[in-house]
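Working notes, beginning with the structure itself.
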Amino acid sequence: MSSSFPLYLLRRALWTLPTLLLVAVLVFVLMRLIPGDPAQLILGDTGTAAQIADLRAQLGLDKPILVQFWLWLSHMASGDFGHSITSGEAVLPLLVERFQVSATIVLVAVAAAALIAVPAGLFAAWKQNSLSDTVIVAGATLFLSIPSFWLGLLLLLVVGLKLGWVPVVGYVAFGEDWRAAASFLVLPIVTLTLIEMGVLTRMARASVIETLRLEYVTHARAKGLSELRVLLRHVLPNAFAPTWTMIGLVLGNLLGGIAVLETVFTLPGLGRLLVDAIFARDYPVVQGCLLFTAGIYVLVNLVIDLFYPLFDPRVATS
């Protein structure tokens, strides 16, 4: 490993701080622009003006906007995400608990999609313009075009209701019964795997096609190396870098953006928590969810950037 790698790591890590600060400002401002008063929602139509004013004071909503932002940001920096307005639960443990559900689905789905899509894209590029290439590209395009919620509902209807192979409603934690937990998560994982296979297959195919046209591949073939050796040793490592970047983007997006799928499968994940909190105008939970998601996205892309030089030596770490 290069001696400049620690400096590269530090520099990349420091660049995440302005990003998170900008996200924090946007999240705070956007939440205040949403119509509706949390105090009014909590008390309902029976709440008097005095009761609403008292509750707003308890929640800190009567303070100037800049003061509210500074207090929220300082508490966040110390790891205090506050408490839910509606349930009174501490926000950070709630986020971590819900994130475990979302992360399990996303990590397994993206890993499975990558393990299938990269070889499929490699084979399609090698057999470019053949029947095999056409079938793989058509399948990838089909899965890419299907909305995830529609595919999820279709799998629920066929596999869950018609065939009765898996339960269609509910969730069980792995700590309680791992078999039951797996049965509830198999359909969401299959849904995401099929959808993301389309994206990754097309990216892998395009990268491999571009790499196959380079001179060193022609030179390797001219030396008499077998086609399999050329593909696995010379083409795949050099073509994998763009696909690796796409995997990072997909992973970051899904970790914070599977609210629809969690709603379809009634899973208590981070996305569903965010949707419920928005409807309830639960400022601490919504702000915590969005900032937590942004932090995960930035962290994932930081890891992707740090590993990128391993796949593409042309990327300097100095």
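Predicted model only: the values in this text are computed from it and were never measured. Just so you know, these numbers use all the heavy atoms, side chains as well, and skip hydrogens, waters and symmetry mates.
- Contact annotation: the side chain of Leu231 approaches that of Leu212 to within less than 4.5 Å [non-hydrogen atoms, C-beta and beyond].
- Heavy-atom neighbours of Arg98 CZ from other residues, nucleotides or ligands within 6.0 Å: above the threshold of 12.
- Residues Phe69 and Val25 are in side-chain contact: their nearest non-hydrogen atoms beyond the backbone lie under 4.5 Å apart.
- Taking 4.5 Å as the limit, some side-chain heavy atom of Leu107 sits within range of a side-chain heavy atom of Leu251.
- Atom CD of Glu210 has 12 or fewer heavy atoms from other residues, nucleotides or ligands within 6.0 Å.
- Summarising the geometry of Leu232 relative to Leu236, their closest heavy-atom pair is O-CB, 4.0 Å, with the distance given to 0.1 Å.
- Note that CD1 of Ile278 is 10.0 Å distant from CG of Leu273, once rounded to the nearest 0.5 Å.
- In terms of heavy-atom proximity, Ile146 sits nearest to Ile195 at O-CD1, 3.2 Å.
- No side-chain heavy atom of Thr191 sits under 4.5 Å from any side-chain heavy atom of Leu154.
- One hydrophobic cluster, built from ILVMFWY side chains closer than 4.5 Å, holds both Val96 and Leu291.
- Rounding to the nearest 0.5 Å places OG of Ser87 at 6.5 Å from CG of Asp282.
- Contact of the Leu95 side chain with the Cys289 side chain is registered, since non-hydrogen atoms from C-beta on lie closer than 4.5 Å.
- Across Ser207 and Thr243, no two heavy atoms sit closer than the pair OG-OG1, 4.1 Å.
- Val186 and Val172 fall into different hydrophobic clusters, where Ile, Leu, Val, Met, Phe, Trp and Tyr side chains are chained together by heavy-atom contacts under 4.5 Å.
- In this structure, the side chains of Ile65 and Phe28 come closer than 4.5 Å at one or more pairs of heavy atoms.
- A chain of hydrophobic side-chain contacts below 4.5 Å, direct or via other Ile, Leu, Val, Met, Phe, Trp or Tyr residues, connects Trp150 to Leu261.
- Atoms CD1 and OG1, on Ile189 and Thr104 in that order, are 7.5 Å from each other to the nearest 0.5 Å.
- Atom CH2 of Trp244 and atom CG of Leu200 lie 11.5 Å apart (nearest 0.5 Å).
- By the criterion of side-chain heavy atoms lying less than 4.5 angstrom apart, applied directly or through intervening Ile, Leu, Val, Met, Phe, Trp or Tyr residues, Leu185 is grouped together with Leu161 in one hydrophobic cluster.
- Atoms CZ and CD1, from Phe184 and Ile105 in turn, are 12.5 Å apart once rounded to the nearest 0.5 Å.
- Residue Ala204 comes nearest to Gly121 through the heavy atom pair CB-CA, 4.1 Å, listed as atom of the first residue, atom of the second, then distance.
- Among all heavy-atom pairs drawn from Ile209 and Ala125, the shortest one is CG1-CB, 3.5 Å.
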(request) Using the side-chain contact (heavy atoms from CB on, under 4.5 Å) rule, take Leu73 and Leu21 through it: C-alpha gap first, then chi angles, then the decisive distance, then the call. (result) CA-CA 9 Å; Leu73 191 62; Leu21 180 59; 4.0 Å; yes

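- Contact between Lys162 and Val158 at its shortest, heavy atoms only, is CB-O, 3.2 Å.
- Distance alone, capped at 3.5 Å, is enough to place a donor-acceptor pair between the Ser130 side chain and the Lys127 backbone.
- The shortest side-chain heavy-atom distance between Glu196 and Ile247 does not fall under the 4.5 Å cut-off.
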(request) Could you walk me through whether Val235 and Val230 pass the side-chain contact (heavy atoms from CB on, under 4.5 Å) test, one step at a time? (result) CA-CA 6 Å; Val235 175; Val230 170; 4.1 Å; yes

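- At a threshold of 4.5 Å between side-chain heavy atoms, the hydrophobic network of Ile, Leu, Val, Met, Phe, Trp and Tyr places Leu115 and Met246 in two separate groups.
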(request) Quick one: do Val190 and Leu151 satisfy side-chain contact (heavy atoms from CB on, under 4.5 Å)? Show the steps, please. (result) CA-CA 10 Å; Val190 170; Leu151 181 58; over 6 Å; no

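- Arg205 has its side chain within reach of Asp133: a pair of non-hydrogen atoms, C-beta onward, lies under 4.5 Å apart.
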(message) Quick one, Phe99 with Ile296, criterion side-chain contact (heavy atoms from CB on, under 4.5 Å). Give me CA distance, side-chain angles, the key distance, then yes/no.
(response) CA-CA 10 Å; Phe99 178 71; Ile296 294 297; 4.0 Å; yes

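- Rounding to the nearest 0.5 Å gives a distance of 4.0 Å between CZ of Arg202 and OG1 of Thr141.
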